[in-house]
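Bear in mind the structure is a predicted one, so any value in this text is a computation, not a measurement. By convention in this document, chain letters (A, B, ...) are assigned in the order of the sequence lines, proteins followed by strands, and residues within each chain are numbered from 1.
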Protein chains: 2
Amino acid sequence: MDYILSKNTPRTGAGKSREVGPMGIVEQKTVAERARQAFDALTRAERQLANALLDNYPMLGLESITAVAESAGVSTPTVVRMAKKLGFGGFPEMQASLRAELQATISSPIAKHDQWAASALEGHLLSRFADAVTENIRQTLHQIDKTTFDAVADLLSDPERNVHVVGGRITRSMADHFFTHMQVIRPGVTQIASNSNSWPHYVLNMRAGDVLVAFDIRRYEHDILRLTEMARARDVTVVLFTDQWGSPAARHAAHRFHARIEVPSAWDSTTVILFISEALIAAIETRTWETTRARMNELEELFDKTRLFRKFV
Amino acid sequence: MDYILSKNTPRTGAGKSREVGPMGIVEQKTVAERARQAFDALTRAERQLANALLDNYPMLGLESITAVAESAGVSTPTVVRMAKKLGFGGFPEMQASLRAELQATISSPIAKHDQWAASALEGHLLSRFADAVTENIRQTLHQIDKTTFDAVADLLSDPERNVHVVGGRITRSMADHFFTHMQVIRPGVTQIASNSNSWPHYVLNMRAGDVLVAFDIRRYEHDILRLTEMARARDVTVVLFTDQWGSPAARHAAHRFHARIEVPSAWDSTTVILFISEALIAAIETRTWETTRARMNELEELFDKTRLFRKFV
DNA sequence: CAGGACCTGTAAAAAAAATTTCAGAATTAA
DNA sequence: TTAATTCTGAAATTTTTTTTACAGGTCCTG
């Protein structure tokens with residue numbers, strides 16, 4: 001940006017809201033902090049508003065009260081009431097506070113780099129983690145081949161092919177998640193139990209043309225390698241979710257997704273794997289929408305009948 | 001419905017002013033550019049105003065016309081006249097344009113398209129999904145209270161307290177993932193089976209001071225509500241991972257994490273929940289590092305002995 | 001130095017924003 | 001279930017903002 005930032009700051013943050021804490025120290029709370037803190041004390045409509053405000057923080061709050069109310073889908077009185085609950089005299093006062101915050105934020109170079117670090121999380125593990133994960137997503141996406149993704153989605157949308165899902169010690173949860181959703185989307189989906197002794201039984205049921213979706217990140221598991229090997233021997237197409245280095249099972253896989261998994265932790269992060277998996281589910285669901293919608297409706301009815309899940313909201 | 005998307009208007013960049021150039025190409029000019037360009041055509045008072053505006057760009061322009069006029073030492077009609085000279089319909093229109101600019105400037109630079117859209121994925125489901133997830137992470141982080149996060153990490157690091165983990169139909173995988181890691185980190189961790197009939201048995205083993213980590217996103221499950229209710233009645237601290245709207249179980253929870261879960265799919269995304277969960281695991285592991293390292297080493301040896309997992313790499 | 005063109009601010013009018021009131025709706029408690 | 005309480009938005013009201021009209025100014029030109 002080439003605009004000039006003021007050297008002199010005559011236009012001080014008009015009503016920068018302050019509060020005197022227990023120690024007599026002047027505390028400055030951002031509107032976001034106040035909203036978060038008071039969240040529990042807010043009513044339904046006010047929470048809806050708070051969410052909208054935080055969703056598009058802080059820009060939404062800088063519009064007129066009418067625009068804010070409309071965006072959040074609440075009435076203008078609700079906006080006023082919440083502003084007061086957050087400790088402001090009224091909406092304009094809250095807005096002035098937002099402007100002051102933004103002023104402070106925008107002049108700091110941190111803001112340019114990292115939006116979320118500018119909040120109270122500066123340097124906190126959470127924001128470092130967020131940086132790592134976001135960067136992992138970015139890099140993973142750079143490496144993913146669109147063609148592969150689409151091909152896999154097509155493969156898994158084919159009702160003629162049965163789908164088998166398997167995961168390892170850590171990735172079992174990912175396999176489970178994938179299975180749970182696929183099970184709703186289409187018939188013919190099997191989850192392979194985690195006890196590898198029983199795996200040969202599952203192989204017995206694999207037919208040529210079927211698809212085996214396997215999850216395997218370091219440290220790689222020998223049993224998964226064996227399973228994919230057996231599957232390929234039976235002309236089963238293997239789709240593998242693995243890390244950037246690649247499980248040895250990759251040699252048997254027709255399609256592979258390499259996710260970045262490193263984060264500031266003793267463990268690897270499976271967040272990006274879950275991300276791809278969810279995106280894939282979305283892609284498949286689009287392709288089989290007619291069937292899927294029917295199945296979802298049916299599932300709804302079953303839920304209602306069994307009262308297994310009571311409806312809220 | 002568990003799998004219904006909600007509307008959520010993505011706050012349009014209000015009146016971003018456009019102009020059609022000589023080539024018929026739509027040009028977007030910032031207010032600052034317009035002001036500088038038109039500077040020569042401005043009158044004395046207007047120049048004074050333009051300078052004030054640029055001196056404190058763009059914040060000054062976001063205040064009321066009265067405040068702007070006063071700050072610049074001119075009258076309000078002058079402000080209106082200049083706004084019109086710069087090609088806007090009036091002052092509010094210019095202000096909307098400023099807001100739109102600012103929005104573009106402060107939006108997380110990493111999150112924005114340029115990064116991965118540059119690859120072959122432009123417009124592809126994957127990149128839209130990535131946008132959504134990154135935005136979800138960003139927004140979730142905005143709402144997370146650092147204190148809560150740290151308090152929960154402390155709680156779960158306390159060896160005196162047993163930890164119980166439970167998830168719902170969809171979130172079971174998240175609970176499973178969390179359990180798998182916690183099991184390595186520390187002793188005294190129980191995974192509550194998914195069959196809710198057996199839950200009373202688990203409650204029987206909960207002692208005052210224990211922690212129950214529950215996962216529940218829409219559509220919220222009644223059994224989870226009941227379980228957390230029972231747990232709280234036994235003086236068990238409930239930690240809840242839920243979505244932005246909040247599971248009804250929230251009322252029994254001492255600590256809550258509200259994750260954003262909306263993505264372009266018929267289902268909600270649990271990626272952000274996994275992200276928080278992993279970050280939490282990392283935080284706990286840091287706090288209990290001495291114990292955890294010992295346990296990890298021991299686990300390694302056990303793996304070697306049982307040859308359950310063959311080493312690669 | 002008169003006349004005209006153009007600036008500029010005051011003040012009034014118009015429009016919009018913000019607040020308050022209040023009755024119906026929704027929720028909770030009994 | 002019913003009663004009590006709380007919440008919520010429509011509408012009216014008040015306040016503020018924004019625009020318009022217009023009456024001096026200023027400054028040039030002849």
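- Contact between B/Phe91 and B/Ile65 at its shortest, heavy atoms only, is CE2-N, 3.5 Å.
- Taking both residues in full, the closest heavy atoms of A/Ala282 and B/Pro264 are given as CB-O, 4.0 Å, listed atom of the first, atom of the second, then distance.
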Only pairs under 3.5 Å count here: list side-chain donor-acceptor contacts from residues 203-215 of chain B, not counting sequence neighbours, and write none if there are none.
| from | atom 1 | to | atom 2 | distance (Å) |
| --- | --- | --- | --- | --- |
| B/Arg207 | NH2 | B/Glu160 | O | 3.4 |
| B/Asp210 | OD1 | B/Asn162 | N | 3.1 |
| B/Asp210 | OD2 | B/His164 | NE2 | 3.0 |
| B/Asp210 | OD2 | B/Arg207 | N | 3.0 |

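- Shortest non-hydrogen contact noted between A/Glu285 and A/Thr292 is O-OG1, 4.2 Å.
- B/Tyr57 and B/Glu101 are linked by a side-chain donor-acceptor pair at a separation below 3.5 angstrom, with hydrogens and angles left out of the test.
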Q.
Strictly under 4.0 angstrom, non-hydrogen atoms only: write out the protein contact profile of nucleotides 12-20 of chain C, one letter per nucleotide from the 5' end, B, S or -.
A. -----SSBB
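- The two residues A/Ser75 and A/Ala69 have their closest heavy-atom pair at C-CB, 3.8 Å.
- Distance, B/Met82 CE to C/dG9 C1': 17 Å, rounded to whole Å.
- Taking 4.0 Å as the cutoff to heavy atoms of chain B, we find the contact window on DNA chain D bounded by D/dT17 to D/dT20.
- Note on ring orientation: taking the six-membered ring where Trp is involved, the planes of B/Phe149 and B/Phe257 are perpendicular (angle over 60°, cut-offs 30° and 60°).
- In terms of heavy atoms, A/Gln95 sits closest to A/Gly61 at NE2-O, 3.2 Å.
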